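For the single chain, residues carry numbers from 1 onward in sequence order. Computed from a prediction, not measured in an experiment: that's the story for all the values here.
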Amino acid sequence: MPDIRKVLIANRGEIAVRIIRSCRDLNIATVVVYSEPDETAPHVILADESVFIGNAPSSESYLVMEKIIEAARETGADAVHPGYGFLSENAAFARLCQQNNLIFIGPSSDSIDIMGDKTRARQTMDNAGVASPPGTVDALESVEEAEKVAGEIGYPVLIKAAAGGGGKGMRIVHEKGDLKNSVTAAQSEAKNAFGDGRVYIEKYLESPRHVEFQIIGDHEGKIFHLFDRECSIQRRHQKVIEEAPCSFLTPKLRADMANAAITVAKTCNYTNAGTVEFLVDKHNNFYFLEVNTRLQVEHPVTELVTGLDLVALQIQVAEQKPLDIVQEDLQINGHAIECRISAEDPAENFLPSTGKLNTHIIPSGPGIRVDSGVREGQEISIHYDPLISKLITHGKDRKQAIQRMDRALQEYEIAGVKTTIPFCRYVMNHSAFTDSKYDTHFVGDHFAPSQLDLSEDDAEHEIAAIGAALVMAVSDGSDGSHEQTTVAVNESEWWSKRGKRN
């Protein structure tokens with residue numbers, strides 16, 4: 001297969017920017033698609049070409065397969081990278097790319113079919129000898145069946161959508177009286193989110209930790225694991241903070257889970273990058289959860305501890321070139337942590353916070369990486385994921401990575417919207433996290449919004465207002481002496497609020 005010359009990125013925001021950068025390193029041209037509010041977004045500015053595909057709702061733009069295929073044809077792209085979210089785990093889209101002679105930079109549509117359906121994936125893993133949490137292998141046919149299974153495996157149980165993920169169509173049920181309503185609600189939510197209302201039931205593991213293994217396979221049948229990540233800091237079943245490697249795994253448990261991840265990938269002849277997710281209970285028993293057949297949001301922590309460029313590897317595999325990786329030579333170098341900086345208000349149950357991003361000044365210094373897809377002045381829309389950026393730190397060990405993250409979070413300046421920065425600082429300074437004695441219930445067990453330090457968050461909003469007043473004063477047509485005095489006063493007030501100058 002010839003080298004890829006031009007990639008169309010069927011996504012937006014930080015992941016589109018991330019893919020553009022790897023393509024540029026490989027001298028591959030890039031095309032992006034954009035909706036009406038993204039006309040001047042960073043991914044549009046950075047790409048070599050851009051194509052308008054519709055209005056703000058993703059159902060009219062980023063999720064319309066035919067518009068994306070047409071954009072690829074118009075611009076002469078020979079490959080499509082789906083990023084994550086949107087169409088990234090849509091087998092029909094992967095097939096449509098192939099039918100239009102476009103290389104899909106991801107796994108085969110067959111692999112997406114197998115692993116994208118959670119019940120089918122459970123069946124496949126059971127046949128391969130990889131344990132899943134006790135529960136149904138097939139989708140539930142009735143509430144009566146749910147009651148029977150729940151009675152056998154014991155409460156609490158988890159109702160989960162057969163298709164999709166991200167916490168949609170998921171309900172925890174602690175007692176029989178709540179089961180019927182929970183099944184109905186999960187089915188409805190799954191239907192609305194994925195167009196598929198099927199749900200299944202499994203045992204809800206108490207005090208679990210969420211551990212995943214990055215895998216990648218080539219077309220010669222070689223599959224490698226790039227070690228593990230922990231993603232147990234979550235809200236509403238969605239990840240907020242991730243780290244690599246997982247801090248509590250013993251060498252034996254890491255090896256056993258890595259072998260299981262390879263088995264999972266081989267079972268469906270997996271190619272390209274993917275993530276095998278597990279839950280680990282308090283007795284260190286691990287259970288297969290699912291496979292994400294795409295690049296993960298948290299892939300940077302793996303890149304920092306392995307020194308590999310996962311997007312470049314994805315492109316190499318898509319070109320059907322063999323991976324020049326030797327599993328035995330791969331090593332974990334230090335420790336990395338990622339915080340998702342989202343426009344959400346942690347003091348109000350992480351409700352989305354929309355508005356204009358008046359200030360966005362990213363931190364820097366040793367061991368800090370920021371993957372962002374926004375710019376100052378950009379509107380944070382209700383139509384898309386509220387992710388502003390991913391803040392990643394790397395250190396020689398976990399302690400240093402945490403210290404650097406706390407420093408970076410203090411330096412990060414955002415005004416105009418509420419963000420998860422105060423929550424991330426709360427976690428970095430909580431003993432349950434620093435001592436690695438936490439699980440997926442961290443938010444419920446330890447998080448107290450009343451203890452958040454919101455002073456900096458509030459200060460940023462005040463600083464933005466001061467900055468606006470400063471600009472107005474400078475341009476108000478006054479004489480030079482008045483203008484200069486106004487600037488000096490405002491500058492002094494600015495720095496006093498930041499606490500950086502006397």
Practice item. Start with the C-alpha distance between Glu36 and Asn55, add both sets of side-chain angles, then the distance that settles side-chain hydrogen bond (donor to acceptor under 3.5 Å, both in side chains), and finish with yes or no. Key: CA-CA 5 Å; Glu36 183 271 328; Asn55 297 322; over 6 Å; no
Exercise for review: Could you check Leu226 against Gln327 for side chain to side chain contact (heavy atoms under 4.5 Å, CB included), going step by step and ending with a plain yes or no?
Suggested key: CA-CA 8 Å; Leu226 308 182; Gln327 186 71 67; 5.8 Å; no
Review point. Taking it one step at a time, do Gln214 and His225 satisfy side-chain hydrogen bond (donor to acceptor under 3.5 Å, both in side chains)?
Key: CA-CA 6 Å; Gln214 177 70 57; His225 76 83; over 6 Å; no
Review point. Does the pair Thr30 and Ile19 meet the rule for a side chain to side chain contact (heavy atoms under 4.5 Å, CB included), with working shown?
Key: CA-CA 9 Å; Thr30 55; Ile19 296 165; 5.9 Å; no
Point to revise | Stepwise side chain to side chain contact (heavy atoms under 4.5 Å, CB included) test for Val80 and Ile105 | key: CA-CA 6 Å; Val80 173; Ile105 303 177; over 6 Å; no
Review point. Where do Leu8 and Val33 land on the side chain to side chain contact (heavy atoms under 4.5 Å, CB included) test, with the steps shown first?
Key: CA-CA 8 Å; Leu8 182 140; Val33 291; 4.2 Å; yes
Review point. Please walk me through it: do Arg171 and Asp178 pass salt bridge (Lys or Arg N to Asp or Glu O under 4.0 Å)?
Key: CA-CA 10 Å; Arg171 294 290 187 280; Asp178 297 329; over 6 Å; no
**Study point:** Steps toward side-chain hydrogen bond (donor to acceptor under 3.5 Å, both in side chains) verdict (Ser61, Ser58)
**Key:** CA-CA 5 Å; Ser61 52; Ser58 55; 5.9 Å; no
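Residues forming a side chain to side chain donor-acceptor pair (under 3.5 Å) with Tyr204 (at least two apart in sequence, or on another chain): His441.
Taking CD of Gln238 as the start and SG of Cys231 as the end, the distance is 13.0 Å to the nearest 0.5 Å. To the nearest 0.5 angstrom, Glu338 atom CD is 9.5 Å from Thr302 atom OG1. Taken from CG in Asn272 to CD1 in Ile112, the straight-line distance is 9.5 Å, to the nearest 0.5 Å. Here the OH atom belonging to Tyr438 is positioned 13.5 Å from the CG atom belonging to Asp445, to the nearest 0.5 angstrom. To the nearest 0.5 Å, the span separating CD1 on Ile201 from CD on Glu152 amounts to 10.0 Å. The CD atom of Gln378 sits 6.0 Å away from the CD1 atom of Ile380 when rounded to the nearest 0.5 Å.
Between Tyr200 and Leu140, the shortest heavy-atom contact is CA-CG, 4.1 Å. The two residues Ala186 and Ile159 come nearest to each other via the heavy atoms CB-CG2, 3.6 Å. Scanning all heavy atoms of the two residues, the minimum distance from Ala91 to Asp113 falls at CB-OD1, 3.3 Å. Across all non-hydrogen atoms, the minimal contact from Arg340 to Thr420 is O-OG1, 2.8 Å.
Between the Asp309 side chain and the Ala312 main chain, a donor and an acceptor come within less than 3.5 Å of each other. Judged purely by atom type and a 3.5 angstrom limit, Ser188 has no side-chain atom pairing as donor or acceptor with the backbone of Thr184. A donor-acceptor contact shorter than 3.5 Å is absent between the side chain of Lys418 and the backbone of Ala343. Asn292 places no side-chain N or O within donor-acceptor distance of the main-chain N or O of Arg294, the cut-off being under 3.5 Å. A donor-acceptor distance shorter than 3.5 angstrom exists from the side chain of Glu319 to the backbone of Ile4, with no hydrogens or angles considered. Checked by atom type and distance alone, the side chain of Ser232 pairs as donor or acceptor with a backbone atom of His210 at under 3.5 Å. Counting only distance, with no hydrogens or angles, the side chain of Gln320 and the backbone of Val317 share no donor-acceptor pair below 3.5 Å. A donor-acceptor pair is defined here as one N or O able to donate and one able to accept, closer than 3.5 Å; such a pair exists between the side chain of Tyr384 and the backbone of Ala56. Panel note: side chain Arg122, backbone Thr136; a donor-acceptor pair is recorded below 3.5 Å. One N or O on the side chain of Asp218 and one on the backbone of Glu220 form a donor-acceptor pair closer than 3.5 Å.
Between Pro422 and Thr419 the shortest side-chain heavy-atom distance falls below 4.5 Å. Side chains of Thr267 and Tyr270 form no contact here, defined as non-hydrogen atoms less than 4.5 Å apart. Inter-residue side-chain proximity for Glu202 and Lys160 is flagged as met; some heavy-atom pair is nearer than 4.5 Å. Contact annotation: the side chain of Asp228 never approaches that of Met257 to less than 4.5 Å [non-hydrogen atoms, C-beta and beyond]. Using a 4.5 Å heavy-atom cutoff, the side chains of Pro37 and Ser35 are in contact. Phe93 places a side-chain heavy atom less than 4.5 Å from the side chain of Ile68. For the pair Ile223/Ile216, no side-chain contact is recorded, criterion being any heavy-atom separation below 4.5 Å from C-beta on. In this structure, Thr40 and Val44 have side chains that are not in contact, with every pair of non-hydrogen atoms separated by 4.5 Å or more.
No option in Arg18, Arg21, Lys390 other than Arg18 meets the salt bridge (Lys or Arg N to Asp or Glu O under 4.0 Å) test with Glu303. Test Glu277, Glu230, Glu243 against Arg209 for salt bridge (Lys or Arg N to Asp or Glu O under 4.0 Å) and you get one pass: Glu230.
Taking the six-membered ring for Trp and the full ring otherwise, Phe447 and Phe423 have centroids separated by under 6.0 Å.
Glu144 and Lys148 are not joined by a salt bridge, as no carboxylate oxygen comes within less than 4.0 angstrom of a charged side-chain nitrogen. Electrostatic pairing of Asp256 and Arg254 does not count as a salt bridge here, judged by no charged N lying under 4.0 Å from a carboxylate O. The pair Asp281-Lys203 does not count as a salt bridge, with every side-chain nitrogen at least 4.0 angstrom from each carboxylate oxygen. A salt bridge is absent between Asp78 and Lys6: the closest approach of a Lys/Arg side-chain nitrogen to an acidic carboxylate oxygen does not fall below 4.0 angstrom. The existence of a salt bridge linking Arg120 and Asp138 is excluded, since no basic side-chain nitrogen approaches an acidic carboxylate oxygen closer than 4.0 Å. Using a 4.0 Å cut-off between charged nitrogen and carboxylate oxygen, Glu212 and Arg229 count as a salt-bridge pair. For Glu60 and Lys67, the salt-bridge test fails: no basic side-chain N is under 4.0 Å from an acidic carboxylate O. Taking a cutoff of 4.0 Å between a charged side-chain nitrogen and a carboxylate oxygen, Glu70 and Arg73 qualify as a salt bridge.
The aromatic rings of His446 and Phe442 sit tilted, their planes meeting at an angle between 30° and 60°. Taking the six-membered ring for Trp and thresholds of 30 and 60 degrees, Tyr62 and Phe86 have nearly parallel ring planes, at less than 30 degrees apart.
For residues 342-357, every residue pair satisfying the side-chain hydrogen bond (donor to acceptor under 3.5 Å, both in side chains) rule, not counting sequence neighbours, is listed here: Arg235-Glu344.
Side-chain contact of Asp117 with Thr119: a donor-acceptor pair under 3.5 Å is present, judged by distance alone. In the model, Ser372 has no side-chain atom that pairs as donor or acceptor with a side-chain atom of Ser389 under 3.5 Å.
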